[in-house]
Engineer: 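The structure is given below, and queries will be raised subsequently.
No hydrogens, no waters, no symmetry mates; every other heavy atom, side chains included, goes into these values.
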Amino acid sequence: MMYTEKGSCGVGFVASLRGDYSNRHLRAGLDSLACVEHRGACSADQITGDGSGIMTDIPFELFGYDRDSIAIATLFIPRNAEGKRKSLAIFKDVFEFMELQILEYRDVPVRTDILGTDARNTLPSIVQAIIKRPGHCRTDASFDKLLYTAKQHARVKLDDAGIKENFYFVSLSATTIVYKALVQADALDRFYPDLQSPNFKTRFCIFHRRFSTNTRTSWDKVQPFRIIGHNGEINTITGNRSWAKVRELYLGLRPGELLTHRGISDSGSLNEMVEAL
């Protein structure tokens, strides 16, 4: 009998059948993530991973806000002071123009000492923006639609300012949040102390350990993305991207407004199209 060896990402999920919010679901997801370390890869420093991450419910108790009152944007932004100031100013102007008030910014606690050299050298600033829910957004779906529209407008403004590639929306939602990093599977909760808090309660946990294939890994390419956790790669990616660019023209959008044209993985493109749909 002949066996064919293949390398691919490790991806899966844990969910409560009763829809209960519990820290146990987070712990089960992180334990499961650690079990698929063999599905990922490491850089030459033998510490930096291709990437590990999770998506969960927003842990409102951890952030000190009532459920259904806010959304959270998790952002990778420039580390230098001027880049950080300029990018957050554009972000704030666009979102508040769309009647999305920024209540506060939170510097996400991290432990850089557990990172490998490659991950530390490319580490962005990691910030969470707490966004007030407008009174006219009576459902999560309407809130998320407004957030998506604001995000796409912010991408255009950031592109005009020449800093789009250094500003990345890790997650942006009224219901879900993503924690991801260039670490090995068992190091994610050591890098993010938030994941060690008993107040982090969720109904589900999607986990992903990346094995990069058609793109070189980077902080933004770690999964899960804002909507999906995906085990690539897509055989028809060139055709799918071409059709997306045609849709941009048909809708009268600027190049790159619907789909990132350069420096994105196949799964990243799929995530952007799912978001748009």
Engineer: Do Y179 and F200 come close enough that some side-chain heavy atom pair is under 4.5 Å?
Structural biologist: yes
Engineer: Do T260 and E272 meet the criterion of a side-chain donor-acceptor pair at a distance under 3.5 Å?
Structural biologist: yes
Engineer: So, are E257 and R247 salt-bridged, with charged N and O less than 4.0 Å apart?
Structural biologist: no
Engineer: Would you say NZ of K157 has more than 12 non-hydrogen atoms from neighbouring residues, nucleotides or ligands within 6.0 angstrom?
Structural biologist: no
Engineer: Would S87 and K92 count as a side chain to side chain contact (heavy atoms under 4.5 Å, CB included) if you check the C-alpha gap in whole Å, the side-chain angles of each, and the deciding distance to 0.1 Å?
Structural biologist: CA-CA 9 Å; S87 61; K92 183 174 184 289; over 6 Å; no
Engineer: Tell me yes or no: between the side chains of T217 and R210, is some donor less than 3.5 Å from an acceptor?
Structural biologist: yes
Engineer: If only side-chain N and O atoms count, and only distance matters, is there a donor-acceptor pair under 3.5 Å linking D20 with S22?
Structural biologist: no
Engineer: Around E104, counting heavy atoms of other residues, nucleotides and ligands shown, do more than 12 lie under 6.0 Å from its CD?
Structural biologist: yes
Engineer: With a 4.5 Å limit on heavy-atom distance, are the side chains of I54 and L33 in contact?
Structural biologist: yes
Engineer: Do you reckon L123 sits in the same ILVMFWY cluster as F167, going by side-chain contacts under 4.5 Å, direct or chained?
Structural biologist: no
Engineer: To the closest 0.5 Å, what do you measure between CZ (R24) and OG1 (T202)?
Structural biologist: 12.0 Å
Engineer: Determine, step by step, whether D68 and R138 satisfy the salt bridge (charged side-chain N to carboxylate O under 4.0 Å, His left out) criterion, reporting the C-alpha distance in whole Å, the side-chain angles of both residues, the deciding distance to 0.1 Å, and the verdict.
Structural biologist: CA-CA 9 Å; D68 300 328; R138 299 185 180 182; over 6 Å; no
Engineer: Please determine if D113 and R111 form a salt bridge, counting it only when a charged side-chain N lies under 4.0 Å from a carboxylate O.
Structural biologist: yes
Engineer: Can you check whether T117 reaches N121 side chain to side chain, under 4.5 Å on heavy atoms?
Structural biologist: yes
Engineer: Would you call I177 and D57 a side-chain contact if the rule is heavy atoms closer than 4.5 Å?
Structural biologist: no
Engineer: For the CD atom on E96, are there more than 12 heavy atoms of other groups (residues, nucleotides or ligands in this structure) within a distance under 6.0 Å?
Structural biologist: yes
Engineer: Side chains of S267 and F225: closer than 4.5 Å at any heavy-atom pair?
Structural biologist: yes
Engineer: Taking the side chain as every heavy atom from C-beta outward, state whether L188 and F207 have any pair of such atoms under 4.5 Å apart.
Structural biologist: no
Engineer: Would you name the heavy atoms of S52 and Q184 that are closest together and state the gap between them?
Structural biologist: OG-C, 3.4 Å
Engineer: Which heavy atom in A34 sits nearest to a heavy atom in A185, and how many Å separate them?
Structural biologist: CA-CB, 3.8 Å
Engineer: Show, in sequence, the C-alpha distance, side-chain angles and deciding distance for R262 and E165, and conclude whether the side chain to side chain contact (heavy atoms under 4.5 Å, CB included) test is met.
Structural biologist: CA-CA 10 Å; R262 300 181 307 276; E165 293 183 359; 4.1 Å; yes
Engineer: Show your reasoning for whether salt bridge (charged side-chain N to carboxylate O under 4.0 Å, His left out) applies to K245 and E248.
Structural biologist: CA-CA 5 Å; K245 293 174 184 178; E248 283 181 341; over 6 Å; no
Engineer: On the 0 to 90° scale, with breaks at 30° and 60°, tag the W219-F76 ring pair as parallel, tilted or perpendicular.
Structural biologist: perpendicular
Engineer: Looking only at the aromatic ring of each residue, does the gap between the centers of Y65 and F60 stay below 6.0 angstrom?
Structural biologist: no
Engineer: Where do P109 and R106 come nearest, in terms of heavy atoms and distance?
Structural biologist: CD-NH2, 3.7 Å
Engineer: Test salt bridge (charged side-chain N to carboxylate O under 4.0 Å, His left out) on D45 and R120; report intermediate values, then the result.
Structural biologist: CA-CA 11 Å; D45 64 23; R120 192 181 300 114; over 6 Å; no
Engineer: Sort and list the pairs that fulfil side-chain hydrogen bond (donor to acceptor under 3.5 Å, both in side chains) and have at least one residue in residues 168-178, not counting sequence neighbours.
Structural biologist: T74-S171, Y168-K180, S173-T175, S173-T176
Engineer: Salt bridge check, D159 against R254: does any charged N sit closer than 4.0 Å to a carboxylate O?
Structural biologist: yes
Engineer: Does the side chain of Q101 come within less than 4.5 Å of I131's, by heavy atoms?
Structural biologist: no
Engineer: In chain order, what residues pass the side-chain hydrogen bond (donor to acceptor under 3.5 Å, both in side chains) check against D140, with sequence neighbours excluded?
Structural biologist: R133
Engineer: Assess whether a salt bridge exists between K221 and D50, defined as any Lys/Arg side-chain N lying under 4.0 Å from an Asp/Glu carboxylate O.
Structural biologist: no
Engineer: Do you know the tightest heavy-atom contact between P59 and N199?
Structural biologist: CB-O, 4.2 Å
Engineer: Using atom types as modelled and distance alone, determine if a side-chain donor or acceptor of H261 lies under 3.5 Å from a backbone N or O of G256.
Structural biologist: yes
Engineer: Looking at R67, I'd like to know if its CZ atom is crowded, meaning that more than 12 non-hydrogen atoms belonging to other residues, nucleotides or ligands lie closer than 6.0 Å.
Structural biologist: yes
Engineer: Check step by step if salt bridge (charged side-chain N to carboxylate O under 4.0 Å, His left out) holds for R27 and D189.
Structural biologist: CA-CA 10 Å; R27 297 314 317 169; D189 60 342; 3.1 Å; yes
Engineer: Do L26 and V110 sit in the same hydrophobic cluster, where Ile, Leu, Val, Met, Phe, Trp and Tyr count as joined when their side-chain heavy atoms come under 4.5 Å apart?
Structural biologist: yes
Engineer: Do the side chains of D144 and R226 get close enough for a salt bridge, i.e. N-O under 4.0 angstrom?
Structural biologist: no
Engineer: Take a 6.0 Å sphere around OH of Y105 and say whether it holds more than 12 heavy atoms from other residues, nucleotides or ligands.
Structural biologist: yes
Engineer: What is the distance from atom CG of L115 to atom CZ of F191, rounded to the nearest 0.5 Å?
Structural biologist: 4.5 Å
Engineer: Between R241 and S269, do the side chains contain an N or O donor and an N or O acceptor separated by less than 3.5 Å?
Structural biologist: yes
